[in-house]
Amino acid sequence: MSTDADTDTISTGPTDAEQVRTVLSRAASLSLTTTGRAFDLIGLHSVGTKGQITLHPHPDSPLAQEAAAAPMGILAALLEFTDIAPTPLRDRVRARVTASGRLAPAGDGALRLDTARVSLRTPAGAADVPLDEIALAEPDPLAAEEAAMLTHLADSHEELMTELLGLAGSRLPRGMIRSLPLALDRHGITLRCEYESGHCDLQLLFPALARDATDAGEQIRQLLTAPRSCAHQQQHQHSRP
């Protein structure tokens, strides 16, 4: 369920293309499947300004050897990036981005993914995302600092979490056993409320889009000082009978 206070006049989250770019921008690892085998690559890829993905395998690695043995060095590939919440939630996977295409030589041993298809999967569902939209989109401006901000909030500001939950008033179901911050972007902050069986996510929308981490802190302060009737909220129910 969701509340409807002014949600028709304020953006409630990133587009699919923006979410793809955000996941790619902060991913430190990926899972790669080729025709020959599967790999887990940590710190061996880069993402260009238009979302282009390049792998940088070690010269003597099995992946480099497989690519060298492929016809013209071109290798069919499926890449999966998993976006995981930085706080210790029960279900920490927030999104998965899958990119398929062909790996081709890009100089100095690098392999460029000539992307054919990109899909985004979240708890809300799955969708293919047009490549031209991904090229034009930008990552969320808080992406690089989100993890540090959320873990600091969870570890050092229990009173702030209580105040943020208070913005939901009576809309939260009873029986909550704990809450933790789930996500933070320029649109707002999302809290995970866990129950004995299942959970629900409470999205608190900022009065204005946050430009950076400092501005996000100011937007949170404005949320807490604004009249309750002005708080924009979205509540999403998951896995609770």
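In what follows, every heavy atom counts, from backbone to side chain, and hydrogens, waters and symmetry copies are set aside.
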### Query
Is it true that Glu18 and Arg186 make a salt bridge, defined as a side-chain N closer than 4.0 Å to a carboxylate O?
yes
### Query
Should Asp201 and Arg192 count as an ion pair when the cut-off is N to O under 4.0 Å?
yes
State whether the side chain of [X] and the backbone N or O of [Y] hold a donor-acceptor pair below 3.5 Å, judged by distance alone.
X: Glu194; Y: Ser179; answer: no
X: Gln219; Y: Ala208; answer: yes
X: Arg90; Y: Gly198; answer: yes
X: Thr122; Y: Ala124; answer: yes
X: Gln52; Y: Lys50; answer: yes
X: Tyr195; Y: Arg178; answer: no
X: Ser156; Y: Leu153; answer: no
X: Thr22; Y: Asp140; answer: yes
X: Asp132; Y: Ala135; answer: no

Side chains of [X] and [Y] only: does a donor on one sit below 3.5 Å from an acceptor on the other?
X: Thr34; Y: Glu66; value: yes
X: Asp128; Y: Ser119; value: no
X: Ser46; Y: His56; value: yes
X: His152; Y: His157; value: yes

Would you say [X] and [Y] are hydrophobically clustered, going by side-chain heavy atoms of ILVMFWY under 4.5 Å?
X: Met149; Y: Leu165; value: yes
X: Leu142; Y: Val97; value: no
X: Leu131; Y: Val20; value: yes
X: Leu78; Y: Leu24; value: no

Straight-line distance of [X] [atom1] to [Y] [atom2], nearest 0.5 Å:
X: Ile220; Y: Leu184; atom1: CD1; atom2: CG; value: 5.5 Å
X: His199; Y: Ser197; atom1: NE2; atom2: OG; value: 10.5 Å
X: Leu103; Y: Leu32; atom1: CG; atom2: CG; value: 6.0 Å
X: Leu41; Y: Ser29; atom1: CG; atom2: OG; value: 9.0 Å
X: Ser31; Y: Ile42; atom1: OG; atom2: CD1; value: 9.5 Å

### Query
For Asp83, which of Arg26, Arg96, Arg121, Arg21 qualifies under salt bridge (charged side-chain N to carboxylate O under 4.0 Å, His left out)?
Arg26
pair [X]-[Y]: side-chain heavy atoms closer than 4.5 Å:
X: Leu167; Y: Leu224; answer: yes
X: Leu182; Y: Arg94; answer: yes
X: Leu55; Y: Leu44; answer: no
X: Val118; Y: Ile134; answer: yes
X: His45; Y: Thr54; answer: no
X: Leu204; Y: Leu164; answer: yes
X: Leu79; Y: Thr98; answer: no
X: Leu111; Y: Leu63; answer: yes

For the residue pair [X] and [Y], what are the closest heavy atoms and their distance?
X: Pro88; Y: Leu180; value: O-CD1, 3.6 Å
X: Ile53; Y: Ala99; value: CD1-CB, 4.3 Å
X: Leu191; Y: Pro181; value: CD2-CA, 4.1 Å
X: Cys193; Y: Met176; value: CB-SD, 3.4 Å
X: Phe206; Y: Leu223; value: CD2-CD1, 3.8 Å
X: Ala210; Y: Pro141; value: O-CG, 3.9 Å

### Message
Please determine whether side-chain contact (heavy atoms from CB on, under 4.5 Å) holds for the pair Glu133 and Thr15, giving the CA-CA distance in whole Å, both sets of side-chain angles, and the decisive distance to 0.1 Å.
### Response
CA-CA 10 Å; Glu133 293 183 13; Thr15 65; over 6 Å; no
Is it the case that atom [atom1] in [X] sees more than 12 heavy atoms from other parts of the structure closer than 6.0 Å?
X: Asp155; atom1: CG; value: yes
X: Glu158; atom1: CD; value: no
X: Arg117; atom1: CZ; value: no

### Message
Could you go through Thr115 and Ser100, starting from their C-alpha distance and side-chain angles, then the distance that decides it, and tell me whether this counts as side-chain contact (heavy atoms from CB on, under 4.5 Å)?
### Response
CA-CA 6 Å; Thr115 308; Ser100 60; over 6 Å; no
